[in-house]
Amino acid sequence: MDKVMEQLMEALTSPRMHEEFLSGLWDTIYSSVLATAAACLLGLILGVLLVAGERDGVYPLPAPLMKALNLIINILRSVPFLILMIFVLPLSSVLVGTKVGTMASIPPLIIASTPFVARLVEAALREVDKGVLEAAQAMGCSPFQIVWKVILPESLPSLISAATTSFITILSYGAMSGAIGGGGLGKIAINYGYYKYNVGVMLVATVLIVILVQIIQSVGTRLAVRLDRRVRTVERKGRLGKERKKVLKKAWDAHRPRI
């Protein structure tokens with residue numbers, strides 16, 4: 001225990017480790033944000049296709065195409081991230097010019113996370129009330145208008161929650177990538193902590209990742225609640241109810257019999 005505390009104090013007070021942690025923290029945020037943005041964009045497109053292209057969707061696609069799309073998504077989702085990253089590293093070498101470091105981990109993060117995001121988007125879009133879609137179709141809206149102006153706005157809170165979950169998942173994937181040459185806090189925890197039996201470094205790196213997760217989760221949850229129309233409606237009704245009670249109380253006080 002004394003050795004762990006000594007290692008922890010050294011990790012917290014060493015100027016060299018401060019630079020490593022700051023650099024690793026920036027690399028983790030940088031790679032996670034880029035990978036999340038790309039995965040959310042691709043996952044949103046795939047999720048819309050999965051919902052709109054089904055047989056009773058707003059724009060039915062050929063059944064063989066839908067089966068192939070679902071099969072590819074399921075296969076990519078079932079491959080463990082570290083194994084997928086090993087297979088995709090040659091692609092990283094072509095795209096970013098290296099197989100090692102933060103930039104090399106971004107293509108595998110995108111490929112591994114896109115199917116996951118697509119399923120989250122699919123689940124979010126299926127929550128939209130069928131009656132709303134039927135009303136939009138009855139008014140003569142095109143499939144693109146229904147998707148862009150009805151389905152996506154109605155499912156926006158769920159999509160925000162899906163994006164938050166995706167960012168946290170990508171953050172954990174990025175930390176795991178440090179075991180096979182990725183950058184960020186995962187690399188620090190592996191190279192300076194695990195390989196050198198330095199528990200203090202691993203604890204600090206883990207705490208930084210936990211803090212990032214808590215911040216992103218809190219921001220995502222608050223944003224999703226704020227954008228939820230149902231919550232806003234309930235709050236508005238609550239405010240109207242309070243105002244109505246105040247008006248009734250004033251009327252009663254003005255007209256109640258005096259003794």
Side-chain angles (χ1 to χ4, degrees), residues 19-50 69 72-122 159-195 201-202 204-217 219-220 223:
E19 295 180 2
E20 291 289 343
F21 283 127
L22 287 176
S23 176
L25 184 61
W26 166 250
D27 289 342
T28 297
I29 296 174
Y30 174 76
S31 61
S32 298
V33 169
L34 284 183
T36 301
C40 285
L41 178 60
L42 296 174
L44 180 63
I45 295 173
L46 292 176
V48 169
L49 289 177
L50 289 172
L69 183 60
I72 293 172
I73 291 175
N74 290 336
I75 291 175
L76 290 177
R77 281 196 64 194
S78 62
V79 178
F81 172 70
L82 291 180
I83 297 176
L84 181 63
M85 184 172 179
I86 293 173
F87 282 115
V88 178
L89 281 178
L91 178 62
S92 297
S93 180
V94 173
L95 294 177
V96 301
T98 180
K99 293 183 179 180
V100 180
T102 303
M103 291 300 298
S105 66
I106 293 178
L109 286 174
I110 295 173
I111 293 175
S113 304
T114 296
F116 174 72
V117 177
R119 290 303 184 190
L120 292 179
V121 171
E122 179 188 8
L159 292 176
I160 295 295
S161 298
T164 303
T165 304
S166 303
F167 186 92
I168 294 173
T169 301
I170 290 174
L171 190 66
S172 65
Y173 283 170
M176 286 190 290
S177 69
I180 52 176
L185 294 172
K187 181 193 72 173
I188 295 174
I190 294 294
N191 293 345
Y192 293 96
Y194 179 74
Y195 289 150
V201 171
M202 289 192 291
V204 174
T206 302
V207 169
L208 290 175
I209 293 175
V210 169
I211 292 174
L212 280 178
V213 169
Q214 293 298 322
I215 293 174
I216 296 301
Q217 185 65 63
V219 172
L223 185 59

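Residue indices begin at 1 and follow the sequence shown. Just so it is clear, the values below take in all heavy atoms, side chains as well, and ignore hydrogens, waters and symmetry mates.
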Minimum-distance pair of heavy atoms, taken over all atoms of [X] and [Y]:
X    : Y    : answer
I209 : A175 : CD1-CB, 3.9 Å
P107 : V88  : C-CG1, 4.3 Å
S32  : L171 : OG-CD1, 3.3 Å
I110 : A38  : CD1-CB, 3.6 Å
Y192 : E20  : OH-OE2, 3.1 Å
S31  : I106 : CB-CG1, 4.0 Å

Side-chain contact, heavy-atom cut-off 4.5 Å: [X] with [Y]?
X    : Y    : value
F21  : L25  : no
S92  : P108 : yes
T164 : L223 : no
V33  : F167 : yes
I170 : F116 : no

Pairwise distance [atom1]([X]) to [atom2]([Y]) - rounded to 0.5 angstrom:
X    : Y    : atom1 : atom2 : value
L185 : T28  : CG    : OG1   : 3.5 Å
T36  : L41  : OG1   : CG    : 12.5 Å
M176 : L109 : CE    : CG    : 9.0 Å
S172 : L212 : OG    : CG    : 12.0 Å
T102 : Y30  : OG1   : OH    : 9.0 Å
T114 : L46  : OG1   : CG    : 7.0 Å

Quick one: ring pair (Phe, Tyr, Trp, His ring centres under 6.0 Å) partners of Y173, sequence neighbours excluded? F81
Residues forming a side chain to side chain donor-acceptor pair (under 3.5 Å) with N191, sequence neighbours excluded: none
Quick check against the 3.5 Å criterion: does S23 have a side-chain atom that pairs as donor or acceptor with the backbone of E19? no
